[in-house]
Each structure stands twice: as C-alpha cells, then as structure tokens.
Amino acid sequence: MHIPALHFWFMFFSDHPFSNLIDSITNEKGEDGKYFNPLKLNDPRYEKLPLSIRILLEAAVRKCDGFYVKKEDVLAILDWQHQQGVAEVPFAPARVLLQDFTGIPAMVDLAAMRDAVAKYGEDPNLVNPKCPTDLIVDHALQIDFSKWNQEMELIRNKERLQFFKWCSKAFRNVNVVPPDFAAVHQVNLEYISRVVQESDGFLFPDSVVGTDSHTTMINGLGILGWGVGGIESEAVMLGQPVSLTLPKVVGCKLVGSISALATSIDIVLGITKHLRQAGIAGKFVEFFGPGVSQLSIPDRTTIANMCPEYSATVSFFPVDDVTLKHFKKTNFTEEKLEMMEAYLKAVKLYRGYQEQSEDPQYSEINLGSIVPHVSGPKRPQDRVAVSDMKQDFLSCLSEKVCFKGFHIPPEKQETLVPFQHGGKEYQLAHGSVVIAAVISCTNNCNPSVMLTAGGPFGCSLSVVFEVIGYGCATCVGNTAPLPETVVGAIKQGDLIACGVLSGNRHFEGRLCDCVRANYLASPPLVVAYAIAGTVSIDFERDPLVNADGKPVFLSDVWPSREEVQHVEEHTVISSIFQDVGVRAEKGNKFWNNIDCSESVLFQWDPKSTYIRCPPFFSNLTKECLAPQSIDNAHALLFLGDKVTTDHISPAGSIARVSAAAKYLQSKRLTPREFNSYGARRGNDAVMTRGTFASIKLQNRFIGKTGPKTLHVPSGQTMDVFEAAERYQKDGIPLIILAGKEYGSGSSRDWAAKGPYLLGVKAVIAESFEKIHRNHLVGMGIIPLQFRPGETADTLELSGKERFSISIPQEIAPKQEITIKTSSGKTFKVTALFESEMDVAFYRHGGILRYVAQRMLQ
C-alpha cells in the first residue's frame, strides 16, 4: 500500500507533544500548507513576545523531540518575560550557511569523521549533515596586484574545488554554490533565502546560522539568523541545536526623517553608537516605529550587518509591507508571496506599526540627528564625524600610542616623502590614502550606497575603482601587495598611511602591515577620500578637486537620497534578481568540468598541501572517558586585554619567515605558491603553524609585538609553534593566561582548533567573548575565569610557574576549580560551562568527538 509522504509525516507526528497545534492554510489552488500554530496554545503570553522570540518558540515547538529539545524548553521560551537572560534554550535553525574559508574545515572534519566511523565497522554513510547546508565558494579570492584573474584563481584552488565537488556528490543535504556566482552575503540575500520555508508539506519561518559575521544581514529580510563559529556550525549540521541563553530583546524605535546626506552606513554608525552606549551585548535588537518605513530593504540589511559591532546577537526587522513590496521585484511568485503573507499573519509574525501593543521595551533614535561618520583609525567603535575628520586625524598623530594615537613627534608631522610610480613622481604624507576599497559585503547588500558612490566620480578622471572579485578580499587581508615604491616611502618617512574601506570591522595591520590607520566609511566616502588622496581634509571647507581652475566640493556632486532610491527601486533591484536567476541556470563551465571521485570515503592525497585528514579523531573510543586533571602545565603565552581572534587565528597572507612558510617550503613550494591561510584551512599542518602568528600579538613574555614566545624550561625565545612542539615532545600540557575580552572579534573556528592542536588544555582569562568561549568548549579546551577582582597581576603570577588544575570527575556548569602553582600559590577560578550540554561536549573531548562517539554507540 502506498502511503503519501504527508500522511507518513502525520503518522510520525501523532506522538508529537504539540501535535494539537498543527493547523493548515489553503492557497488559491486548494493546496494545504500545514504548520504549527502557537496561537492554539491559547496562552496570552505568546502575543506579548517580541517577534524574534516567537520564531525561537515556533522552532522549539516544531523540533520538540524530548531529547535535544524538551517540552520544558518550549515553556521556558513562552515564559520569556521571566526567563530572559536566565534560561538556556535550544534553537534548531532551518539551515546552515558556510563560506569556503570556514566551509572547507567543516567538510574536511566530516570527511575525517566518516573515516573514523568506518574504522569501527560502522556505515560511513551515517555521517551526513542533518540540517540543510549551503556552501558558497567565494572567500578564496587572492588579488594579484590591481587585477583579478579568474583562470589563475581557479587553477590555484583546483584541489579545494575538487574536494568541494566531491562533497556536493558524497554528502546528502549539502548544496555547493560554485565560484564566480556571487559572494556569500549576496547568495544568502538574493538566492537561497525563503522567509517562509516548506518541507514535507509543513510551513515554518526561515532561519539560519552561518560561519560569517555578515550572516546577520539576513535579519533585514525578517529572517532570524546570526553568525556562529565553524565548530558550532558543524554541530548544527550534524543535528545539534544551538544552545543560547534566552535573549533579552531591546526595541529600537526609529522616528524622524533621514538627512539628505546621510547614507545607510551613517545610519548604522549612529545606531551602533547609540546601542553600544545602551549596553545591549548578547541581546536581540528589534526595530519598529514610523522611521522603519523610510528604510529600504537594502538599508535594513546594511543596518543588520553591523550588529556584531555593538555586540548584539541580531538586529531584527520583522516582515512588513516594505518587505513584501521588495519581494514583488524579486524571483518570488505571487502564489508564494500570498502564502508567505497568509502564514506570517496567521502566526502573528507580520509587523504592523499601527498596533502599539506589539511594541517592545525600547530606546528611541531620531534619524534626523544622524550625520555622516567614519570609524577609526584602529577600532570600529571609535566614530568620527566627517566634519571633524581632519582635526581628529591630526590629534591622533600627536596622541601617545593607544587605540586612537600614534605618537608622531611634532617636528615629523609635516614629513613629505617623494616616490616614483608609473613614470611620475608623487609625494606621500601622514594621512595619505594608499588603500581604498568598497568591499563585497557592502556593495552586495545595499545598491543605494553604490549608486551614491557614483556621484563623486564625475569630478575626477584620475581615480578608477576596478571590480576585482566576487568575494571577501581586502577586509580579510587578501589585498595585493602595495607597490614597492609606496611601501619604501611609507617606511622611509615612518608615515601613518591610511586605508579606507566600507566594511564592518578593521584592526591595525589587518589590511596591510605597513598601513597603520584604517577607517570604515560608506562607499561614497571611500570614493571621496580616494579622490582627495588623504584623510586630512575637511569636506565642508576644502575642495575635493579643482576642475578647470574652479573648486569642486563634495556637496556639489553628492546625489540626493530621493534620486538614489528612485533608481534603486525602479531599476536595480529587479535587474539584480534577474541576473542571479540567469547565472544560476547557466552554471559554471569550469566547475561542471571538474572531475572528482565517486567514493563514499574521501581519497586523501598524502602530497596535498591544501587538504589533509585532521587528527581530531585520533585515539577515539566508543565510551566517554572521565575528564582528567591538568598537571604541571606551562603557560604557552602570557597575554593582556582584548586579544582578538585576529591575533589567534591564521588569516591573510603567509609571511615568508613564518613557521607555516617553513612547512610549505619543505614541501618544495615557492613563496608565490603559498596562497593564503584562508585557502589552506583544510590543512591542519599549515593552520596550526599559523596559530598565534600575528605580527600584532603582544605576549608579556617577550615585551614587544610579534609571533614569538618564551620556552620556559630552556629560556629560549622562539616561534609559538616551535615552543608548543617542544612542550608536546616532552609531554608537558599547556595553558594560556590572558586578560579581559579574550577571543573578541570575528568568529573563527581555528582560533580554538589551533590552540587545541598546539596542546593547550585550558585558557585562564579575566573574561571571554561568548562565541569564542563556545569554540573552546567545542574543542575540549576548558575556559577558566579569574574570580571578580582577581587577575594574573593581583595574584602576582609571572607566567613561568607550572600550573596544576584539579578538574572534578563530575564537573558542573559554573563550578569553582582550584589551581595550584609550582611557587606554592593557590587560587580559584570558575569553569565557564554554561549548560550541561557544554559539560557533555567537554567530557567527550569536544563537539566532533561527541557526535562521533554517539554514532559508534
């Protein structure tokens, strides 16, 4: 007897604890769409929930299985008013988004897990993502001086592409979007987002976790999503829900009218400053109020993109009339839009700004108060009004070395250094712009700022911006080398050269190690500063250029907001979606012609310097072993405050004198063939050697910046990897000592995988960035926090002691642990496990081993 899929689905759900909530919607064709309707709980608390929390609740109801998601979790979310900031709840997103930098280690780990499972006689086909996963190949771009050569890139990354092609065939639930299609952010916004998903006849809200800080863009479409680390994403792929503290929600009410000169970048920088001061770290932000209707969807996605910079988890714009109007210009059919609207209204996920009972607690922002800003020169939170930029930069030159200062002596602040380029002589000074980039995450999500950026071009024929890639380049350190004459001039004059880019984050030295001042700006301001050639300019008083003997000011060439929005709405949006559809149908000839194995297990090439089987499953056992205490450990590094994942994780180009370079040279590769760390994330030997290889690392053992540390037993200074290798050969476990906000910055899996492979068993810090803390736990490294008021300095630790950490057999979340040092000092720290699931991951040696052992059991 044939049983229809939908009938079978209902047989499965007959024992579902919330089967009584199943409801249906009928479209014009008479087809039913089933869904779980939380309104049938008949609980008045549901309609008092912020809309973003309603999405968490629906997912918990639908995924309630009594194991990963319990009925108690559903009730905790429903009781959000009292449980926010307290209850730990699971969230099972609809899909996972990977870009290739983080996607390749995730897929390499799954390939290695198949080997481990097969080794014990189990079927390797058991290892597949359970959650639909999209992998977009866009981050491996490397610019070859002012031009991008597609053929060169495809040849350079052939091994990686062959592996991705194998993944697309070998794994179920994996969709690989090949290179030269679009950037991950663009693909997510324009191609794979659904707002309302449908699976096995059931409708439910689209939601996503992604391995990229820009994943939060998607909240501008009313789709709940945020960035997670590669380790967490692998767990979700394998069926584990994300564990999070039920978030508090801050409403952001937008009122007033937007200034004619303010772009969405200015708006987001204004909102960033306001919300950072409001103290919303780890919270959801939900936008509402009459000002929201003034914001286009590209405006909203740009604002949502920046939420990591004010430490919010998401900045959520619920679906409203503007959202539906936008989708009518995309590839959504009228039938799909009607079903979407009917479903969202049926479950109260559609935002109407007239119903004030839906307004959350809020802080108010007057859009009329926002003026153009940039951020820098070293941190995104340091905002500078464009009108104050010239004076602020001059002040930075004089200030002592700090987050805003460079301490240039007064007599050297007027230094001019001549140099030759293209057969002509030019001069560089402090403030000269040597890198200007409108980066992909900005131009893909917001056409309006790109249209505005075209205005200043009319007054200059000497500045040309080239389209050099479809993915991340400048902001991840894949910028081509500056001309030697430029680098020579910067070094000769010890100049504070500047980079200006339209990104969402920057750190000193990230773009290029000789460019010390970097500013985030809207695309039109990037163009304007590039034309001016310096950041030391007052656009209100100083002309941008002199054309035919007449001064041309920025205000003369800046288009109005109304002009830009008209072109955007009536021309750009629809053409973008038509182009994406055509390219998706056409495909990629190079990709289609790549040959790969059809085997269930990946055929590892021992000669490959791109793809290696990682050692994460070595010594895997079927049973979970009790946690072991850490005895007589040495500190590999003694770090201060605000150590970012840029300091920890390998990124950008591979320095010729690094440990990773030595390894690649031993494989007979020339420096030209090194490629980048991002491209080699599938090779643990390269990535481990690149861990803590940042030139900006400040290790208190050394007393100056650089990727060096002290090997305490010998007293020798050496590369971090070489020291760790010696400790491991001697069987000595390692720890790291750190200050406040350890692991802040971009979410990176190798910031935890690298230390794990270096032999680090614990990190003791004053505080941790939450995502990085999760990563450490996910790799079986225990995060330990000093007690309030205590630090390495107050405890008079030199870092050269040996540390013994007593870990209880039945360790519990937030348990105090005793540490004894070889100097006779004893102190207590807190084990930063947030939940029993964290403890389970740690006891198994990390998430990957946890999942593998469950399969073996």
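What's counted below: heavy atoms across the whole structure, side chains too, no hydrogens, waters or symmetry copies.
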Considering all heavy atoms of both residues, which atom of [X] and which atom of [Y] are nearest to each other, and what is their separation?
X: Ala92; Y: Ala59; result: O-CB, 4.0 Å
X: Ile648; Y: Ala751; result: CG2-O, 3.4 Å
X: Leu832; Y: Val777; result: O-CG2, 4.4 Å
X: Ile811; Y: Ala831; result: CD1-CB, 4.1 Å
X: Met113; Y: Ala852; result: CG-CB, 4.2 Å
X: Pro17; Y: Cys64; result: CG-SG, 3.6 Å

Is [X] reaching over with its side chain to a backbone N or O of [Y], donor-acceptor style, under 3.5 angstrom?
X: Lys165; Y: Trp591; value: yes
X: Ser608; Y: Trp604; value: no
X: Asn219; Y: Thr216; value: yes
X: Arg681; Y: Phe101; value: yes
X: Glu234; Y: Leu110; value: no
X: Ser24; Y: Ile22; value: no
X: Arg843; Y: Val839; value: no

Checklist entry - After noting the C-alpha distance and the side-chain angles of Leu856 and Arg854, does the key distance pass the side chain to side chain contact (heavy atoms under 4.5 Å, CB included) rule? => result CA-CA 5 Å; Leu856 296 179; Arg854 287 187 63 84; over 6 Å; no

Taking only residues two or more places apart in sequence, or in another chain, which ones meet [X] in a ring-ring contact (aromatic ring centres under 6.0 Å, His included)?
X: Tyr663; answer: none
X: Tyr343; answer: Tyr35
X: Tyr842; answer: Phe833
X: Phe617; answer: none

Taking side chain as C-beta onward, heavy atoms only, is [X] less than 4.5 Å from [Y]?
X: Pro813; Y: Asp838; result: no
X: Asp605; Y: Gln162; result: no
X: Gln99; Y: Val137; result: no
X: Ile781; Y: Pro755; result: yes
X: Asp684; Y: Trp750; result: yes

Checklist entry - Taking the inter-plane angle between the rings of Phe163 and Phe602 on a 0 to 90° scale, is it parallel (under 30°), tilted (30 to 60°) or perpendicular (over 60°)? => result perpendicular

Checklist entry - Parallel, tilted or perpendicular: which fits the ring planes of Trp166 and Phe171, with parallel below 30° and perpendicular above 60°? => result perpendicular

All side chain to side chain contact (heavy atoms under 4.5 Å, CB included) counterparts of [X], not counting sequence neighbours:
X: Ala812; answer: Gln815
X: Glu335; answer: Asn27, Lys29, Glu31, Thr333
X: Ser233; answer: Val96, Leu98, Thr211, Val228

Next on the checklist: Between Lys753 and Asp109, does any NZ, NE, NH1 or NH2 come within less than 4.0 Å of an OD or OE carboxylate oxygen?
Outcome noted: yes

Checklist entry - Are Asp100 and Arg160 ion-paired here, with the side-chain N under 4.0 Å from a carboxylate O? => result yes

Answer yes or no: does atom [atom1] of [X] have more than 12 heavy-atom neighbours from other residues, nucleotides or ligands under 6.0 Å?
X: Lys71; atom1: NZ; value: no
X: Asn593; atom1: CG; value: yes
X: Lys63; atom1: NZ; value: no

Checklist entry - Given the rule in the side chain to side chain contact (heavy atoms under 4.5 Å, CB included) test, do Ile218 and Leu189 qualify, once you have shown the distances and angles that lead to the verdict? => result CA-CA 6 Å; Ile218 206 66; Leu189 289 170; 3.8 Å; yes

So how far is it from [X] [atom1] to [Y] [atom2], rounded to the nearest 0.5 Å?
X: Asn683; Y: Ile611; atom1: CG; atom2: CD1; value: 8.0 Å
X: Glu232; Y: Ile847; atom1: CD; atom2: CD1; value: 6.5 Å
X: Ile77; Y: Leu56; atom1: CD1; atom2: CG; value: 5.5 Å
X: His16; Y: Leu21; atom1: NE2; atom2: CG; value: 8.5 Å
X: Arg194; Y: Ser199; atom1: CZ; atom2: OG; value: 13.0 Å
X: Asp115; Y: Leu620; atom1: CG; atom2: CG; value: 12.0 Å

Just to verify, what does [X] make a side chain to side chain donor-acceptor pair (under 3.5 Å) with, not counting sequence neighbours?
X: Gln197; result: Asp206
X: Asn175; result: Asp134
X: Glu623; result: none
X: Ser52; result: Glu286

Checklist entry - For the ring pair Phe91 and Trp226, is the centre-to-centre distance below 6.0 Å? => result yes

Output a table of donor-acceptor pairs, distance under 3.5 Å, between side-chain atoms of residues 237-246 and any protein atom two or more places apart or on a different chain; print 'none' if there are none.
unit_1, atom_1, unit_2, atom_2, d
Gln240, NE2, Tyr68, OH, 2.9
Ser243, OG, Glu88, OE1, 3.0
Thr245, OG1, Glu88, OE2, 2.4

Any luck finding a side-chain donor-acceptor pair between [X] and [Y] under 3.5 Å?
X: Asn188; Y: Arg95; value: yes
X: Asn675; Y: Tyr610; value: yes
X: Arg849; Y: Asn619; value: no

Checklist entry - Centre of Phe204's six-membered ring, under 6.0 Å away, within 45 degrees of the axis: is that where NZ or CZ of Arg62 sits? => result yes

